[in-house]
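Residue numbers count from 1 along this sequence. In each ligand, atom 1 is the first atom listed, and ligand 1 is the first ligand listed.
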Amino acid sequence: MDRIVIVTGGSRGIGAATALCAARSGYRVCVAYLNRQDAADAVVQEIEREGGEAMAVQADVGREADVLRLFEFVDRRFGEVTALVNNAGILERQMRVEEMDAERLTRVFNANVVGSFLCAREAVRRMSTRYGGHGGAIVNVSSVASRLGSPNEYVDYAASKAAIDTLTLGLAKEVAAEGIRVNAVRPGSIYTEIHASGGEPGRVDRVKARIPMQRGGEVDEIARAIVWLLSDEASYMTGSLVDVSGGL
Ligand code: NAP
C-alpha cells in the first residue's frame, strides 16, 4: 500500500523538516500551508529534487471548509491518506493571562485545537476500518508547554497544547481497535520562526541555560521522532506523549 502523509504547517519550521524526512522515508507528501506558498513550494521542490513526490495545498486548519477541501484534494491526487501530522500551530505576543482578550484566545484555540480536531476527524473517516479504511497513524505536535504552563508568556498556547495531549489520549483509545495509532510529540525549545510571533525571535538562546542539555533543539531532531512514530517501528505505541526537549 502507498504511504501518503498530510503534514499541516508543512511550509516552515518543524513541519517542513517533517515533510522532507517523511519523503526520504518513502511517503508521498502533502505539504499543507496557510499563507506562505513560496515556502511550501520550496519544500515540494526539494522533495522532488531528491526523487520524492509531493504537492502543496493551501488550507487554514481552523476553517472546516478548508480542511474538507484539503483532504478531498489528497483523495483525488494521491489516494487514501495513511498518515497525518497535526503540526500547524500558532502562538501570540508574550503577555500575562489578565491581558488576554477573547479574540486572541479564539485565534489560538481555533488554529491549535479546532484545527487538530478537524484534521484528525477527516483522517479517521478515511483510515478507520470502521469505514472500510486500511488503518493509519496520526502524530499530533504538542509542546512541553502543556506541562510547564508558559507563565508570563502564553498560558493560552500552553493550555491549547494540553488540549492536544488530551485529544491524543482520548482519540488513541477511540480508534485503537480500528487500525489507527495516535501519538504526540512534545518539542521543547526549537529554533524556528514561531518565537518571533511571541515578540522574541531569540527566545531559544535566552532560555537554553535552563535546558538540561544546555541547547535548543533543531527541527530535524523533532522531525525524526515524528516520522518514527508514524512508522511500523512504533507499531505497539498509541496514546503516547513523547517529549523531545533536551531534558526540559
Ligand atoms: P513555525 O515555524 O511558525 O511554522 C508554523 C507553520 O504552521 C507554518 O507552516 C504555517 O503556515 C502553519 N500555520 C499556522 N497557522 C496555520 C493555520 N491556521 N492553518 C494552517 N497552517 C497554519 O512553527 P514551528 O515552530 O515549526 O511549530 C510547528 C508546531 O510545533 C506548532 O504546533 C508549535 O506549537 C509546535 N512547537 C514548536 C516549538 C518550537 O520551539 N518551535 C516548541 C514546541 C511545540 P505558513 O508558512 O503558510 O504561515
Could you check Arg121 against Glu64 for salt bridge (charged side-chain N to carboxylate O under 4.0 Å, His left out), going step by step and ending with a plain yes or no? CA-CA 11 Å; Arg121 183 192 75 193; Glu64 191 163 24; 2.6 Å; yes

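Of the listed options Val108, Val31, Val61, Val61 places a heavy atom closest to atom 19 (N) of ligand 1. When Val244, Asn140, Ile14 are ranked by how near their heavy atoms come to atom 26 (O) of ligand 1, first place goes to Ile14. The heavy atom nearest to atom 5 (C) of ligand 1, out of those in Gly15, Gly89, Gly13, Ala88, is found in Gly89. Taking all heavy atoms of Leu248, Val204, Asn87 into account, the minimum distance to atom 32 (O) of ligand 1 is reached by Asn87.
Only the side chain of Lys161 comes within contact range of ligand 1, with a heavy atom under 4.0 Å; no backbone atom does. Residue contacts with ligand 1 for Thr192 involve side-chain atoms from C-beta outward but no N, CA, C or O (heavy atoms, distance under 4.0 Å). Contacts between Ile90 and ligand 1 below 4.0 angstrom, taking non-hydrogen atoms only, involve the side chain exclusively. With a heavy-atom cut-off of 4.0 Å, Ala59 touches ligand 1 through its backbone alone. With a 4.0 Å heavy-atom cut-off, ligand 1 is reached by the side chain of Tyr157 but not by its N, CA, C or O.
When only interatomic distances are considered, the shortest N/O to N/O separation between Gly9 and ligand 1 falls below 3.5 Å. Polar contact with ligand 1: absent for Tyr33 (N/O pair, distance under 3.5 Å).
Among all protein heavy atoms, the one lying closest to atom 27 (O) of ligand 1 is Ile194 CD1, 3.9 Å. Scanning all protein heavy atoms for the shortest distance to atom 44 (C) of ligand 1 gives Ser142 O, 3.1 Å.
The distance from ligand 1 to the heavy atoms of Arg36 drops below 4.0 Å at these ligand atoms: 45 (P), 46 (O), 47 (O), 48 (O).
Cation-pi geometry between Arg125 and Tyr131 is not met at under 6.0 angstrom from the ring centre and within 45 degrees of the axis.
Heavy atoms of Ser189 approach ligand 1 to within less than 4.0 angstrom. Distances shorter than 4.0 angstrom do not occur between any heavy atom of Gly217 and any atom of ligand 1. Ligand 1 has His195 within reach: a non-hydrogen atom of the residue lies less than 4.0 Å from it. Taking 4.0 Å as the cut-off, Gly188 counts as a neighbour of ligand 1 on heavy-atom distance. Under a 4.0 angstrom heavy-atom cut-off, Thr8 registers as lying outside contact with ligand 1.
Grouping the Ile, Leu, Val, Met, Phe, Trp and Tyr side chains by contacts below 4.5 angstrom, directly or via other members, places Val244 with Met237.
For Glu233, the CD atom is loosely surrounded, since the number of other residues' heavy atoms within 6.0 Å does not exceed 12. No more than 12 heavy-atom neighbours from other residues, nucleotides or ligands sit within 6.0 angstrom of CZ on Arg130.
Within the 4.5 Å cutoff, no side-chain heavy atoms of Leu171 are placed close to those of Phe117. The side-chain heavy atoms of Gln58 and Gln37, taken from C-beta on, include no pair separated by under 4.5 Å. Between Met55 and Val31, every side-chain heavy-atom pair lies at or beyond the 4.5 Å cut-off.
Each of Asp243, Asp165, Asn112 was checked for a side-chain hydrogen bond (donor to acceptor under 3.5 Å, both in side chains) with Ser142, and the lone residue meeting it is Asp165.
Salt-bridge annotation for Arg69 and Asp66: present, with a side-chain N of the basic residue lying under 4.0 Å from a carboxylate O of the acidic one. Under a 4.0 Å N-O distance rule, the pair Arg107/Glu103 does not qualify as a salt bridge.
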